[in-house]
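Numbering of ligands and ligand atoms starts at 1, following listing order.
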Amino acid sequence: MSVTDTKPALDDAADAELQREFDDILGAGQRIEPRDWMPQGYRKTLIRQIAQHAHSEIIGMQPEGNWLTRAPSLRRKAILMAKVQDEAGHGLYLYSAAETLGADRGDMTVKLIEGKQKYSSIFNYPTPSYADVGVIGWLVDGAAICNQVPLCRSSYGPYARAMIRVCKEESFHQRQGFELLMTMMRGTEAQREMVQESVDRWWWPALMMFGPPDDQSPNTEQSMAWGIKRHTNDELRQRFVDMSVPQAKILGVTFPDPELAWNDERGAHDFGTPDWDEFMKVVKGDGPCNAERVSNRRAAHEDGAWVREAAAVFAQNRTEQRVSR
Ligand code: BYC
């Protein structure tokens, strides 16, 4: 047998050993780190999910950013500014986590702008009312926390660690949203109506954030087997509904779902079915604000070209100076 004949067999044996080590790490509930061997599918799935997550944070700055110049007081403006900046920070931790898998940040941004990578459906809805700032904090950040707390135990180390800090900041965001709404609910009748109108618009899109129902989710089973996801989309959606109903009672608002009711037998709330056709339309780029969100992101990327060029030249000069010293 020639050397080339034996090579595939050796590679197969080596691959099987690497796969066993990878499975053992997952089986022991430990983390996979950037230099560890990992199956290509695991790497690809993580890059897909982390890139989408990073893009969501960056695009997610736009709906609330819309109210920065019109916040009703200096205090509210400062709070909103800090929150929007936090989202930028989350995007940066996540792009860095994707880079540890070999993804390139510039390339991910181009893919987002060209519609080849997704971002969360929720950010394709408009924010016509100031109450939307509070409702995004309460419901959208609330849904994000529900989805992301289990990701702190995700099997990929850099992603899980990024999630710990993101979740701490998201819970702060959720509380500021709730506090804003509580203040409005204690205000005038017109303010209470604004809050209810906003809740009516955001409730169903918030439920869609968790992704399609489990029987239509192509990625969940494998992602759970790899420990990337810890719960299914429907499990987390249920958890979010159960968490939100008592909070709505405290606020004094209702959710626009006639089927929403406590089910004693299940020990959980029954609720209606989100409009999955609308979800698919939004995910495919045809939501109310998709074009605007992507066009703003494209403009920001193009406007920032000179900064990236200057930073690259600066870094190059520093390297050359160090070498010549
Ligand atoms: N929107 O098999 P599935 C934030 C896609 S940031 C758009 O269940 P998976 C915040 C999915 O990607 C919020 N697309 O997928 C920021 C897949 O398509 P591809 C973002 C969605 O990955 C600023 C297809 O549908 N959070 O909260 O197993 C201010 C089939 O789905 C959506 C994260 O990214 C959606 N809603 O599960 C305030 C969390 N749902 O990729 C707040 C991390 C599904 O096969 N990500 N799709 O072409 C995850 O946990 C999971 O990726 C998901 C989806 C649960 C979202």
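- Aromatic rings from Trp203 and Phe240 are positioned such that their centres are separated by under 6.0 Å.
- Heavy-atom contacts of Ser121 reach the following atoms of ligand 1: 1 (N), 7 (C), 35 (C), 36 (N) (cutoff under 4.0 Å).
- At least one N/O-N/O distance between Lys118 and ligand 1 falls below 3.5 Å.
- When only interatomic distances are considered, the shortest N/O to N/O separation between Asn147 and ligand 1 falls below 3.5 Å.
- Counting heavy atoms under 4.0 Å from ligand 1, residue His173 does not touch it at all.
- With a heavy-atom cut-off of 4.0 Å, Val283 touches ligand 1 through its side chain alone.
- Scanning both residues, Trp37 and Phe22, for their nearest heavy atoms gives O-CD1, 3.7 Å.
- The shortest N or O to N or O distance between Glu87 and ligand 1 is not below 3.5 Å.
- The N/O atoms of Glu170, backbone and side chain alike, include none that comes under 3.5 Å of an N/O atom in ligand 1.
- Distances below 4.0 Å separate heavy atoms of Asp141 from the following atoms of ligand 1: 38 (C), 42 (C).
- When non-hydrogen atoms are compared, ligand 1 lies under 4.0 Å from neither the backbone nor the side chain of Ile122.
- At a 4.0 Å heavy-atom cut-off, ligand 1 touches Phe123 through the side chain alone.
- Inside a 4.0 Å radius of atom 35 (C) of ligand 1 there is at least one protein heavy atom.
- At a 4.0 Å heavy-atom cut-off, ligand 1 touches Asn233 through the side chain alone.
- Counted by atom type alone, Gln247 and Trp138 present one or more donor-acceptor pairs between their side chains at under 3.5 Å.
- Of all the atoms in ligand 1, the ones that sit under 4.0 Å from a non-hydrogen atom of Lys229 are 8 (O), 9 (P), 28 (O), 37 (O).
- Proximity of Met61 to ligand 1, defined as any heavy-atom pair under 4.0 Å, is not found for any part of the residue.
- Ring-plane geometry between Trp276 and Phe279 is classed as perpendicular, the angle between the planes exceeding 60 degrees on a 0 to 90 degree scale with a lower cut at 30.
- Considering each of Ala144, Ser223, Ser56, the one bringing a non-hydrogen atom nearest atom 27 (O) of ligand 1 is Ala144.
- In this model, no donor atom of one side chain and acceptor atom of the other lie less than 3.5 Å apart for Gln321 and Asn317.
- Donor-acceptor pairing under 3.5 Å is lacking for the side chains of Tyr125 and Arg201.
- Summarising the geometry, atom OG belonging to Ser120 is positioned 12.5 Å from atom NE2 belonging to His55; distances are rounded to the nearest 0.5 Å.
- A salt bridge between Glu189 and Arg192 is present, with a side-chain N of the basic residue lying under 4.0 Å from a carboxylate O of the acidic one.
- Contacts with ligand 1 closer than 4.0 Å are made by backbone heavy atoms (N, CA, C, O) of Phe210 only, the side chain lying farther away.
- Residue contacts with ligand 1 for Val282 are absent, since no atom lies close enough (heavy atoms, distance under 4.0 Å).
- Counting heavy atoms only, Gln49 comes closest to atom 49 (C) of ligand 1 of the residues Glu57, His90, Gln52, Gln49.
- With 3.5 Å as the limit, one finds a donor-acceptor pair spanning the side chains of Trp202 and Asp132.
- The distance between the ring centers of Phe271 and Phe255 does not fall below 6.0 angstrom.
- Remark: ligand 1 atoms within the under-4.0 Å shell around heavy atoms of Tyr119 are 1 (N), 7 (C).
- Gln238 and Asp234 form no side-chain donor-acceptor contact under 3.5 Å, judged by distance and modelled atom types alone.
- Looking at Glu170 and His173, their side chains do bring a donor and an acceptor atom within 3.5 Å of each other.
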